[in-house]
Protein chains: 2
Amino acid sequence: MDGNSRVQKRNRSAILAAALDVFSQHGYRGATLDQIASAAGMSKPNLLYYFPGKEAVFVQLLHELVDKWLEPLRQLNADGDPLEEIRTYVRRKVQMSQEMPQESRLFANEIVQGAPRMGTYLSQDLKELFDEKTALLSKWMDEGRIARMDPQHLIFSIWATTQHYADFEAQIHLLSDPGTDVFQSAAEFLDNLYVRLLTP
Amino acid sequence: MDGNSRVQKRNRSAILAAALDVFSQHGYRGATLDQIASAAGMSKPNLLYYFPGKEAVFVQLLHELVDKWLEPLRQLNADGDPLEEIRTYVRRKVQMSQEMPQESRLFANEIVQGAPRMGTYLSQDLKELFDEKTALLSKWMDEGRIARMDPQHLIFSIWATTQHYADFEAQIHLLSDPGTDVFQSAAEFLDNLYVRLLTP
DNA sequence: TGTTTTTTTTACCATTTGGTCAAAGCAAGG
DNA sequence: CCTTGCTTTGACCAAATGGTAAAAAAAACA
């Protein structure tokens, strides 16, 4: 076998799924291999048969998530209607906060601590994409199709407002009116916010 | 002595200052008593002479910060001009992100992990203040002095956008145009954002 | 079925870490 | 100087934790 058998694939993804659970809840240092292994339904030495160590699990998990995470921004389409493109982007980001809160918190945890295990990765893929899209936003502003403002801060504000609902879920849940769908009302609020902000 | 001598006060605050450094950078589990003690210029047993344990240091640190942290929201004045009050609040929050990024990241870390050591505290002080201020915002909206929207999400969005600059500093720094004052431009961007959003 | 290869487990190790303890240092009053 | 009470430290401990080694178990193959 070449190390990619069906069993291997199944176990590797079971480990990564378990690692997402555990790392996102306790952070890198707070998570233990025993916890992850147990959540993946195997023993610690067995987990270490599939990954060379704790950090390797964490790093691969992060790397596999970056793509998924940046996809909505990648889809911001230069040929579409500016306002609709941005509204769609915001809607997708809120949806991701709802459907993948663990992934969001995993990133948040890593970045809050200074991204010690993601530094180079961030500065490549992410920076390239960020520069491309801020340039696009600038162009739209130059053409008068959306209101003029700092495009970098515009993206920051979208990230902040949308990811907040996943990253600070504990606080949100505590403070929100019970009985309402937080993500539904958040989507409406943010849609209105960005329409008001961006309409020239 | 009654346990509050000058030496005691000096050492306790040295410990808390060191703990802020270390906890905000590595999280609760990632920080070690040795690190904190060493940063405070003393030995670990000496630190444990002043605090009963690691968690006690962490909890007291958090409790002492909550007050400082909520102060700007407390100052939202029912008798002031609504728009100016909110602009002042946003400006103060940005300023706090700039001047107390460690405090911000300490909270972020705790909340991202589900606030396991702050639950009850949050649900009391914070919730009470939050409800009071959303009621105030609602009143202002009823009176037609600011645009109508969900007041809870309005506060969430202010927290998200302002604290983002402290909590995600690593990312912000990596992506921002070098040579510009991030906090200065952020303050301008957010001022403009909330003026546009809130003007009836 | 017998052999080889992959997978899993049991037992273990070294280090880290939160915390204890008893002894030593030290300031203040007598 | 000597006692008394507060402060600091060096030595130590038990538990947790990342990781290893070798053998058992299970598949895969011939």
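Numbered from 1 within each chain, the chains take letters A, B, ... in sequence-line order.
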Please tabulate, for side-chain N and O atoms in residues 140-147 of chain B, each donor-acceptor pair with protein atoms closer than 3.5 Å (sequence neighbours left out).
residue, atom, partner, partner atom, Å
B:Asp142, OD1, B:Arg148, NH2, 2.4
B:Glu143, OE1, B:Arg145, NH1, 3.4

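Scored by the salt bridge (charged side-chain N to carboxylate O under 4.0 Å, His left out) test, A:Asp131 finds A:Lys127 as partners (sequence neighbours excluded). Not counting sequence neighbours, A:Asp181 has no partner by the salt bridge (charged side-chain N to carboxylate O under 4.0 Å, His left out) test. Evaluation of the side-chain hydrogen bond (donor to acceptor under 3.5 Å, both in side chains) rule for B:Ser104 yields B:Asp167 as partners, not counting sequence neighbours. For B:Lys44, the salt bridge (charged side-chain N to carboxylate O under 4.0 Å, His left out) partners two or more places apart in sequence, or in a different chain, are B:Asp34. Every side-chain hydrogen bond (donor to acceptor under 3.5 Å, both in side chains) that B:Tyr194 has, sequence neighbours left out, goes to B:Ser157, B:Thr161. Every residue was checked against the side-chain hydrogen bond (donor to acceptor under 3.5 Å, both in side chains) condition with A:His164, not counting sequence neighbours, and none meets it.
For residues 38-46 of chain B, proximity to DNA chain C is found at B:Lys44, B:Pro45, defined as any non-hydrogen atom under 4.0 angstrom from a strand atom. Listed in residue order, the members of residues 47-60 of chain A having a heavy atom less than 4.0 Å from DNA chain D are A:Leu48, A:Gly53, A:Lys54. Contacts of residues 20-33 of chain B with DNA chain C (heavy atom under 4.0 Å): B:Ala31, B:Thr32, B:Leu33.
Protein atom CD of A:Gln8 is 9 Å distant from nucleotide atom P of C:dT6, rounded to whole Å. Between the C1' atom of D:dA16 and the CD atom of A:Gln35 lies a distance of 11 Å, rounded to the nearest Å. As rounded to whole Å, 14 Å separates atom C1' of C:dG19 from atom CD1 of B:Ile36.
Closest approach of B:His153 to A:Val182, counting heavy atoms only: CE1-O, 3.7 Å. Considering all non-hydrogen atoms of both residues, A:Pro72 and A:Arg92 come closest at CB-CB, 4.2 Å.
Taking a cutoff of 4.0 Å between a charged side-chain nitrogen and a carboxylate oxygen, A:Lys68 and A:Glu71 do not qualify as a salt bridge.
More than 12 heavy atoms of other residues, nucleotides or ligands sit less than 6.0 Å from atom CD of B:Glu84. Within 6.0 Å of CD in B:Gln102 there are more than 12 heavy atoms belonging to other residues, nucleotides or ligands.
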Report, one pair per line, the protein and nucleotides 22-26 of chain D atoms (nitrogen or oxygen only) whose separation is under 3.5 Å.
none

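Residue pairs satisfying the ring pair (Phe, Tyr, Trp, His ring centres under 6.0 Å) criterion with at least one member in residues 57-97 of chain B, sequence neighbours excluded, are listed as follows: B:Phe23-B:Phe58, B:Tyr28-B:Phe58, B:His63-B:Tyr121, B:Trp69-B:Phe107.
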